[in-house]
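One structure is given below, encoded as structure tokens.
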Amino acid sequence: MRTQVAIVGAGPAGLLLGALLHQAGIDAVIIEQRSAEYVLGRIRAGVLEQTTVALLEQAGVAERLRREGLPHDGTELAFDGQLHRIDFFGLTGRRVTVYGQTEVTQDLMQARAAAGLTTVYEAENVSVHGFDGAAPHVRYHQAGRDLELACDFIAGCDGYHGVSRASVPACAIAIFEKVYPFGWLGILADVPPVRHELVYANHERGFALCSQRSRTRSRYYLQTSLTDKVENWSDAAFWDELRLRLPAEVAQQVTTGASIEKSIAPLRSFVAEPMRFGTLFLAGDAAHIVPPTGAKGLNLAASDVGYLSQGLIEHYRDKSPAGIDAYSQRCLARIWKAERFSWWFTSLMHKFPETGAFGQKMQHAELEYLVGSKAASTALAENYVGLPIR
Ligand code: APR
Ligand code: PHB
């Protein structure tokens, strides 16, 4: 089999890249190691920046998003038993859209199937080759056969644990990483969200987040220790702890119900530089991870593939290497700013036992400054709604 762009991984990065290339008449095949059902079963964040929505529009997959996505003009911060609203729209003229990553993935999968484009699911032993020379290709095993996909370019959209980044010689890649000393316990439940907007709570027992997927489906998170286990948390224990960490007026309003998903995720900041190696491009979680505070993961994956599709379009249409040559540097300029924001917001909102009473006082002073200063609120708002794509 031969294609112009071989995409490894059918998460949001790979699927969106495939859709953007298809709109531009560029041929791509996606090779994914899991089944479509498995990919759709993963629960991830669901806050889209306007630039992400614009890319989904450009890819022709925004119809349901326009109908079902919930526009949010702000968010609420909770500390000291009080709520403080940050007015994104008033401060920046921009808003975010709440629409689950599962829905984004489903829309992209459906559009791909409807257009008759090839996605190989359940490919085993996927490997990438020849990206430093003239004959890049992807090999994989399926239904007892060894197969090969020849291509002009390989897009490594295979997530943090993928094969693409791991195939680059260690001496050619620099890794920057920070692991946080806690995780997030999340539950999904078919109950109406407690507030119209998201609530990020700093509490002495630890961080809590009230998020949502729709007017009838909520997503809540609690900071937990890294050694904690999902089995230790009954639904009742989760709701009790959540209410303890929220201001009383919010806690009283929480509608509880049976969880439909419950999981613990560690928090990490991670960047690999550069993001291009010959004809291999890394995009999305394959190149970088942010802690979920601020919901930048999916948005960064989208802006990466926005830049990559632009570069590939310039290559095929204009015979110009400018876009693909600038890819890594353009992406990284935006990624590091989102890394900084996610790290800062994580540091502000969580309990860090090792920083002691002084650390808590600093957090408190910063939270008060943040909600009392238009300049500081604007800095939060403009990062949350998303920095511009240049
Ligand atoms: N071969 C083929 N596919 C692979 C391989 C491999 N060796 N390794 C991983 N994959 C697949 C995974 O099964 C997954 O479906 O690559 C896909 C990567 O998807 P994500 O992990 O979702 O990463 P990405 O598309 O970059 O999305 C980034 O979505 O996953 C969230 O937190 C993430 O919000 C962020 C955004
Ligand atoms: C989510 O809805 O899962 C979510 C929302 C905002 C975040 C993180 C996660 O900052």
Side-chain angles (χ1 to χ4, degrees), residues 6-18 30-48 52 70 72 75 96-105 108-109 119-128 138-142 149 154-167 184 186-188 193 197-200 207-214 217-221 261 263 265 267-268 270 275 282-305 308 338 341-342 345-346 349 383-384:
I7 301 175
V8 184
L15 287 167
L16 179 55
L17 178 62
I30 306 185
I31 310 287
E32 163 64 50
Q33 70 177 4
R34 304 285 193 164
S35 67
E37 298 69 45
Y38 181 94
V39 171
L40 273 179
R42 289 187 296 223
I43 310 287
R44 302 268 176 69
V47 180
L48 308 183
T52 302
L70 303 174
H72 279 204
T75 195
V96 291
T97 304
V98 168
Y99 190 69
Q101 179 170 319
T102 311
E103 313 310 317
V104 173
T105 307
L108 284 161
M109 275 181 177
T119 312
V120 178
Y121 284 100
E122 298 179 82
E124 294 160 35
N125 296 328
V126 179
S127 56
V128 295
V138 177
R139 288 192 196 134
Y140 60 100
H141 191 81
Q142 200 184 43
L149 173 63
I154 302 172
C157 301
D158 47 354
Y160 181 66
H161 299 287
V163 68
S164 300
R165 190 183 70 251
S167 303
W184 276 20
I187 71 166
L188 192 65
E197 295 172 341
L198 273 59
V199 180
Y200 289 85
F207 169 74
L209 170 60
C210 309
S211 183
Q212 52 188 267
R213 291 288 175 275
S214 69
R217 181 168 283 191
S218 300
R219 179 81 167 149
Y220 290 100
Y221 296 97
E261 197 262 359
S263 55
L267 274 71
R268 181 191 301 275
F270 174 94
M275 289 168 60
L282 302 181
D285 279 16
H288 43 79
I289 299 285
V290 284
T293 333
K296 290 288 160 227
L298 174 59
N299 292 296
L300 278 184
S303 58
D304 287 355
V305 300
L308 184 53
F341 172 67
S342 308
F345 203 20
T346 301
M349 298 308 295
N383 279 280
Y384 199 101

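Each ligand, and each atom within it, is numbered from 1 in the order the structure gives.
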### Message
Using 30° and 60° as the class boundaries, would you call the ring planes of Tyr384 and Phe345 parallel, tilted or perpendicular?
### Response
perpendicular
### Query
What's the spacing between Phe207 CZ and Tyr221 OH if we round to 0.5 Å?
9.5 Å
### Message
Under 3.5 Å between any N/O of Leu298 and any N/O of ligand 1: does that happen in this structure?
### Response
yes
### Task
Using non-hydrogen atoms of the residue, decide whether Phe345 is closer than 4.0 angstrom to ligand 2.
no
### Message
Less than 4.5 Å apart, side chain to side chain, heavy atoms only: is that true for Leu48 and Val104?
### Response
yes
### Message
Check whether Asp285 reaches the backbone of Tyr160 with its side chain - one donor and one acceptor, N or O, closer than 3.5 Å.
### Response
no
### Message
Test your reading of the structure: does Ala295 have an N or O sitting under 3.5 Å from an N or O of ligand 2?
### Response
yes
### Query
For ligand 2, does Ser211 get within less than 4.0 Å through its side chain, its backbone, both, or neither, judged by non-hydrogen atoms?
side chain
### Message
Under the criterion side-chain contact (heavy atoms from CB on, under 4.5 Å), I'd like the reasoning laid out for His161 against Gln33: C-alpha separation, chi angles, the key distance, then a yes or no.
### Response
CA-CA 12 Å; His161 299 287; Gln33 70 177 4; over 6 Å; no
### Task
Examine distances only and state if a side-chain atom of Asn125 and a backbone atom of His141 form a donor-acceptor pair shorter than 3.5 Å.
no
### For atom 10 (O) of ligand 2, closest protein heavy-atom neighbour
Tyr200 OH, 2.7 Å
### Summary
Numbered in order shown, the ligand 1 atoms found under 4.0 Å of a heavy atom of Gly162 are 8 (N)
### Query
Counting each atom of ligand 1 from 1 as listed, which ones have a heavy atom of Cys157 under 4.0 Å away?
16 (O), 17 (C), 18 (C)
#### Entry: Derivation of the side-chain contact (heavy atoms from CB on, under 4.5 Å) call for Leu198 and Val98
CA-CA 10 Å; Leu198 273 59; Val98 168; 4.2 Å; yes
### Message
If you measure every N or O of Arg34 against every N or O of ligand 1, does any of those distances drop under 3.5 Å?
### Response
no
### Summary
OG1 of Thr293 to CE of Met349, rounded to nearest 0.5 Å, is 9.0 Å
### Message
List ligand 1 atoms under 4.0 Å from Gly159, heavy atoms only on the residue side.
### Response
18 (C), 21 (O), 23 (O)
### Query
Nearest protein heavy atom to atom 9 (C) of ligand 1, by residue and atom, and its distance?
Asp158 O, 3.0 Å
### Summary
In this structure, atom 2 (C) of ligand 1 is nearest to the protein heavy atom Gln33 N, 3.4 Å
### Message
Are Tyr38 and Tyr121 packed together at the side-chain level, in the sense that at least one heavy-atom pair is separated by less than 4.5 angstrom?
### Response
no
### Task
State the CD1-CD distance between Ile31 and Glu124, to the nearest 0.5 angstrom.
12.5 Å
### Task
Any atoms of ligand 2 less than 4.0 Å from a non-hydrogen atom of Gly294? List them with their elements.
10 (O)
## Note on the structure
One finds that the ligand 1 atoms under 4.0 Å from a non-hydrogen atom of Arg44 are 21 (O), 22 (O), 30 (O), 31 (C), 32 (O), 33 (C)
### Message
Strictly by salt bridge (Lys or Arg N to Asp or Glu O under 4.0 Å), give each pair with a member in residues 32-47 just once, sequence neighbours left out.
### Response
none
### Task
Tell me, please: is Ala45 in heavy-atom contact with ligand 1, that is, under 4.0 Å?
no
### Query
Can you find an N/O atom of Glu32 closer than 3.5 Å to an N/O atom of ligand 1?
yes
### Message
Only heavy atoms of Trp184, strictly under 4.0 Å: list the atoms of ligand 2 that pass.
### Response
8 (C)
### Query
Nearest to atom 8 (C) of ligand 2, what protein heavy atom do you find, and at what distance?
Pro292 O, 3.2 Å
### Task
Would you mind telling me if ligand 1 is within reach of the side chain of Val8, the backbone, both or neither, using heavy atoms under 4.0 Å?
side chain
### Query
Are any of the N or O atoms of Arg213 closer than 3.5 Å to those of ligand 2?
yes
#### Entry: Inter-residue atom distance Ser342.OG - Leu300.CG, 0.5 Å rounding
7.0 Å
## Note on the structure
Quick note on ligand 1: atoms under 4.0 Å from a heavy atom of Gly11 include exactly 15 (O), 17 (C), 19 (O), 25 (O)
### Gln101 N/O under 3.5 Å from ligand 1 N/O
yes
### Query
What part of Asp285, side chain, backbone, both or neither, has a heavy atom within less than 4.0 angstrom of ligand 1?
both
#### Entry: Nearest non-hydrogen protein atom, atom 3 (O) of ligand 2
Tyr221 OH, 2.5 Å
### Query
With a cut-off of 4.0 Å, which atoms of ligand 1 are near a heavy atom of Ile31?
2 (C), 3 (N)
### Message
I need the atoms of ligand 1 closer than 4.0 Å to a non-hydrogen atom of Val163, numbered in the order shown.
### Response
7 (N)
### Task
Record the part of Tyr220 in heavy-atom contact with ligand 2 below 4.0 Å; permitted values are side chain, backbone, both and neither.
neither
### Message
Taking 4.0 Å as the limit for heavy-atom contacts, which would you say applies to Leu198 with ligand 2: side chain only, backbone only, both, or neither?
### Response
side chain
### Query
CG of Leu282 to CD1 of Ile154: how many Å apart, nearest 0.5 Å?
10.5 Å
### Task
Search all heavy atoms of Ala295 against all heavy atoms of Ala45 and return the closest pair with its distance.
CB-CB, 4.3 Å
### Task
Before signing off on this row, confirm whether Arg219 and ligand 2 have an N or O atom pair separated by under 3.5 Å.
no
### Message
Could you report the tightest heavy-atom contact between Ala10 and Leu15, atom names first, then the distance?
### Response
O-CD1, 3.2 Å
## Note on the structure
closest protein heavy atom to atom 25 (O) of ligand 1 is Ala13 N, 2.9 Å
### Message
With rounding to the nearest 0.5 angstrom, report the CG to CD distance, Leu298 to Gln101.
### Response
4.5 Å
### Query
Short list, please: which atoms of ligand 1 are under 4.0 Å from a heavy atom of Val39?
15 (O)
### Message
Below 4.0 Å, non-hydrogen atoms only: which portion of Ala301 touches ligand 1? Side chain, backbone, both or neither.
### Response
side chain
#### Entry: Donor-acceptor under 3.5 Å (Arg165 side chain, Ala286 main chain)
yes
### Task
Give a yes or no on whether the backbone of Ile43 and the side-chain of Thr102 come within a donor-acceptor separation of less than 3.5 Å.
no
### Task
Take every heavy atom of Leu209, measure it against each atom of ligand 2, and state whether any distance is under 4.0 Å.
yes
